[in-house]
Enquirer: 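Shown below is the structure under consideration.
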Amino acid sequence: MPEIDLTDAASLPEGALKAFPTPDEGPEVLLVRHEGEIHAFAAHCPHYGAPLAKGQLVNGKIVCPWHHACFRVKDGSLCEPPALDDLPAFAVREADGRVLVLVPEKPAASTDDPNATPTAEVGGTPPADAPGAPADARTFVLVGGGAAGQYAAQTLRHEGFAGKIVLVSADEKAPYDRTKLSKPYLAGKAKAAALPLREPNFYEKHRIDFQLNTRATGFDLARQEVQLEGRPPLRYDQLLLAPGGAPNRLPKLPGHDLAGVLPLRTQADADAILAATKDAQQVVVIGSSFIGMEAASSLVGEGRVVTVVAQDKVPFARVLGPEIGAMFRALHEEKGVHFEAEAEVTALLGEAGRVTGVQLKTGRVLPADAVVLGVGVRPATEFLKEAFSLEKDGGLAVDTYLQAADNVYAAGDIARFPLGAPAVPTRIEHWRVAQQHGRTAARNMLGRQEAFTAAPYFWTQQYGKSLRYAGHAEKWDEIIYHGDVAKQDFLALYVLDGRIVAGASMNRDAAMIHFAERLEQGQLPAPADVHEGMDWALTSN
């Protein structure tokens with residue numbers, strides 16, 4: 001294919017991200033000028049297809065505006081999830097004041113398709129099963145087929161590990177995008193085919209041995225063996241524990257085991273909710289957690305009345321504060337969701353073994369054709385009780401390298417790890433953090449001794465409105481607001497002990513990207529120095 005003349009070189013200033021169409025409905029091209037040199041890439045993030053021209057160039061990284069996947073500007077290589085692949089790069093040159101780009105006839109995928117097969121190893125490392133790869137007799141076992149386990153498996157191969165990888169998962173399916181379940185999947189906007197993180201041939205190509213629908217029941221530290229339900233023990237040289245969380249099911253509540261009372265954690269759970277609510281007229285969501293509220297936003301409408309029963313007056317008050325919680329409640333009410341706030345469920349009522357109502361402490365009974373439980377999760381660590389002293393909440397303490405014991409690492413929802421400076425033991429249930437844990441743990445299983453220093457980041461989307469959150473604040477002394485929370489256009493800064501420790505935003509993507517970078521670099525300003533309209537960018541790009 002001949003070179004494409006995209007633009008005048010003078011129109012591309014230093015640090016700019018600009019997207020350009022190509023002839024004959026070809027792919028858009030993203031041009032970036034960094035340190036005087038122009039680079040060309042596919043214009044959309046390989047995670048969900050976000051337009052990268054709306055992102056930011058920060059410290060030599062292109063940052064996606066939606067979920068903060070990062071790519072090195074020098075070559076497009078992936079440096080931060082939730083994307084799984086490099087950003088396709090194209091040959092580019094300047095001539096006679098013009099920018100000329102060579103785009104292949106079939107460029108590598110850079111779309112919202114999570115099944116896209118990677119075009120290259122991250123960082124250019126050849127596959128471990130390539131001819132000439134060194135023999136390695138070691139076996140690395142990964143317990144958990146979620147975000148952390150999947151990312152650890154691909155990182156091991158990307159880092160050149162040539163030994164055996166065994167991924168043990170209690171789920172019946174290979175790793176899939178759990179973040180879609182409560183959002184587009186329940187809303188009918190994403191099909192089952194869009195959920196898997198990888199095509200099956202990815203795992204075959206990289207010699208990742210799956211043992212699906214297999215539950216770990218314990219392990220022997222001295223013998224370095226994992227006990228499996230119904231299977232022989234599995235010996236490991238290095239072990240990653242990343243079993244994730246188990247949804248709370250309210251076992252002490254009368255009627256908790258009625259048909260139609262459903263948790264939401266797995267794809268099977270989501271399928272059961274879709275089946276139970278297909279012809280339902282009354283749906284009750286117990287709990288105003290992020291999962292509960294996302295489920296409510298996905299299920300309301302189409303003849304269904306959705307009622308949320310919550311202990312708090314507004315959703316997310318303990319995580320985001322009452323002002324943002326009130327905004328989300330108003331948004332849900334505008335869309336037809338009903339609230340029973342500051343309420344307590346005393347029983348689930350049923351007929352012929354199926355739920356028909358939710359009884360409140362006041363005596364009121366809410367009719368229910370289906371009940372969705374959004375009352376949080378707990379670490380899935382029952383099988384670790386004999387080997388470890390678990391934390392009060394069931395978490396497993398690890399050091400800054402995510403190590404729990406000799407040859408044993410933990411990642412994701414179960415890991416209580418040192419966060420920030422000063423280091424505070426923290427357990428975080430975020431998809432992106434789990435992926436970052438998986439990467440760091442994998443490298444340390446290979447002997448790298450790499451400390452985990454990433455700043456936590458998560459997002460929620462309800463009715464097409466997205467909130468981004470960076471940092472971690474279990475409590476705060478004050479919240480500084482820039483913008484208008486009620487209009488869903490704001491940046492909220494959480495202050496504890498005279499320091500900004502977290503931020504939440506809507507419609508402030510550029511500011512949030514730079515805020516997250518400052519947070520990770522330890523370069524946030526003092527609360528007294530922040531003001532509406534300030535430039536959050538660090539001086540160096």
Side-chain angles (χ1 to χ4, degrees), residues 70 77-82 84 121-123 125 128 133-134 136-168 175 206-209 216 219 221-222 224-226 234-244 379 381 384 387-388 390-391 395-421 423-428 430-457 520:
C70 299
S77 58
L78 176 68
C79 49
E80 287 293 348
L84 301 179
E121 296 298 309
V122 172
T125 305
D136 193 325
R138 293 176 295 172
T139 297
F140 286 9
V141 175
L142 316 176
V143 176
Q150 188 280 333
Y151 214 88
Q154 80 166 42
T155 299
L156 288 171
R157 290 304 187 218
H158 292 160
E159 296 290 334
F161 176 61
K164 186 175 183 180
I165 298 175
V166 182
L167 200 157
V168 177
H206 295 283
R207 295 186 299 113
I208 297 168
D209 177 15
F219 68 98
L221 284 170
Q224 294 186 205
E225 288 183 344
V226 181
L234 187 59
R235 191 188 179 281
Y236 62 85
D237 291 284
Q238 297 286 333
L239 173 67
L240 175 64
L241 299 170
T381 52
L384 300 177
F388 289 99
L390 299 177
E391 302 292 307
L396 177 59
V398 296
D399 63 16
T400 189
Y401 305 108
L402 305 182
Q403 188 164 11
D406 288 345
N407 307 310
V408 180
Y409 296 81
D413 292 2
I414 75 166
R416 184 168 290 277
F417 64 99
L419 175 67
V424 177
T426 306
R427 192 176 65 81
I428 294 177
H430 298 171
W431 180 263
R432 186 174 185 259
V433 169
Q435 291 179 307
Q436 292 169 316
H437 273 183
R439 176 186 59 193
T440 297
R443 290 172 176 170
N444 290 334
M445 291 165 76
L446 295 170
R448 302 291 169 82
Q449 286 294 96
E450 178 181 294
F452 183 80
T453 59
Y457 173 82
E520 189 157 313

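Remember, it's a predicted structure, so these values are computed and weren't measured experimentally. We use all heavy atoms of the structure for the numbers below, so side chains are in, but hydrogens, waters and symmetry mates are not. Sequence positions, counted from 1, serve as the residue numbers for this chain.
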Enquirer: Are side-chain heavy atoms of Asn444 and Gln403 found at a separation under 4.5 Å?
Expert: no
Enquirer: Just how far is it from atom CD1 of Ile165 to atom CD of Gln154, taken to the nearest 0.5 Å?
Expert: 10.5 Å
Enquirer: Distance only, no hydrogens: is a donor on one side chain within 3.5 Å (strictly under) of an acceptor on the other, for Asn407 and Gln224?
Expert: yes
Enquirer: Where is the tightest heavy-atom contact between His437 and Gly412, given as atom of each residue plus distance?
Expert: ND1-N, 2.9 Å
Enquirer: Do Leu396 and Arg416 make a side-chain contact, defined as non-hydrogen atoms from C-beta onward lying under 4.5 Å apart?
Expert: no
Enquirer: Inspect the contact between Glu450 and Arg443 and indicate whether a charged nitrogen and a carboxylate oxygen are less than 4.0 angstrom apart.
Expert: yes
Enquirer: Rounded at 0.5 Å granularity, tell me how far CG in Leu241 sits from CD1 in Ile414.
Expert: 5.0 Å
Enquirer: Measure from the side-chain N and O atoms of Thr155 to the backbone N and O of Ala153, and report whether any donor-acceptor pair falls under 3.5 Å.
Expert: no
Enquirer: Would you compute the distance between atom CZ of Phe161 and atom CZ of Arg207 and round it to the nearest 0.5 angstrom?
Expert: 8.5 Å
Enquirer: Suppose the criterion is salt bridge (Lys or Arg N to Asp or Glu O under 4.0 Å): which pairs have a residue in residues 142-154, not counting sequence neighbours?
Expert: none
Enquirer: Does this structure show an ion pair linking Glu159 with Arg439, if we count only N-O contacts that are shorter than 4.0 Å?
Expert: no
Enquirer: Find out whether Leu419 and Phe452 are in side-chain contact, i.e. whether some heavy atom of one side chain is under 4.5 Å from a heavy atom of the other.
Expert: no
Enquirer: List the atom pairs, with distances to 0.1 Å, where a side-chain N or O of residues 138-149 and a protein N or O form a donor-acceptor pair under 3.5 Å, not counting sequence neighbours.
Expert:
residue	atom	partner	partner atom	Å
Arg138	NE	Asp136	OD1	3.1
Arg138	NE	Asp136	OD2	3.3
Arg138	NH2	Asp136	OD2	2.8

Enquirer: Where is the tightest heavy-atom contact between Leu221 and Ala387, given as atom of each residue plus distance?
Expert: CD1-O, 4.1 Å
Enquirer: Test side-chain contact (heavy atoms from CB on, under 4.5 Å) on Leu84 and Gln435 and set out the steps.
Expert: CA-CA 10 Å; Leu84 301 179; Gln435 291 179 307; 3.8 Å; yes
Enquirer: Write down the atom of Tyr409, the atom of Ala441, and the distance for their closest heavy-atom approach.
Expert: CB-CB, 4.2 Å
Enquirer: Distance from Leu234 atom CG to Lys164 atom NZ, nearest 0.5 Å?
Expert: 7.0 Å
Enquirer: Measure across Ala455 and Gln436 and return the closest heavy-atom pair with its distance rounded to 0.1 Å.
Expert: O-OE1, 4.4 Å
Enquirer: Looking at His206, is its backbone amide N or carbonyl O close enough to the side chain of Arg157 to form a donor-acceptor pair, meaning the two atoms are under 3.5 Å apart?
Expert: yes
Enquirer: Is there side-chain contact between Tyr151 and Pro81, with heavy atoms separated by less than 4.5 Å?
Expert: yes
Enquirer: For Glu520 and Ala454, work out which heavy atoms get closest and say how close.
Expert: OE1-CA, 3.6 Å
Enquirer: Determine, stepwise, if the pair Val226 / Tyr236 fulfils side-chain contact (heavy atoms from CB on, under 4.5 Å).
Expert: CA-CA 8 Å; Val226 181; Tyr236 62 85; 3.9 Å; yes
Enquirer: Kindly indicate whether the side chain of Asp413, heavy atoms from C-beta on, has any atom under 4.5 Å from the side chain of Pro379.
Expert: no
Enquirer: Just so I know, are the side chains of Phe417 and Ile428 near enough to count as touching, which here means a heavy-atom distance under 4.5 Å?
Expert: yes
Enquirer: Over all heavy atoms of both residues, which pair between Ala411 and Gly438 is shortest? Give the atoms and the distance, please.
Expert: CB-N, 4.1 Å
Enquirer: Kindly state each residue pair satisfying salt bridge (Lys or Arg N to Asp or Glu O under 4.0 Å) with at least one member in residues 140-150, sequence neighbours excluded.
Expert: none
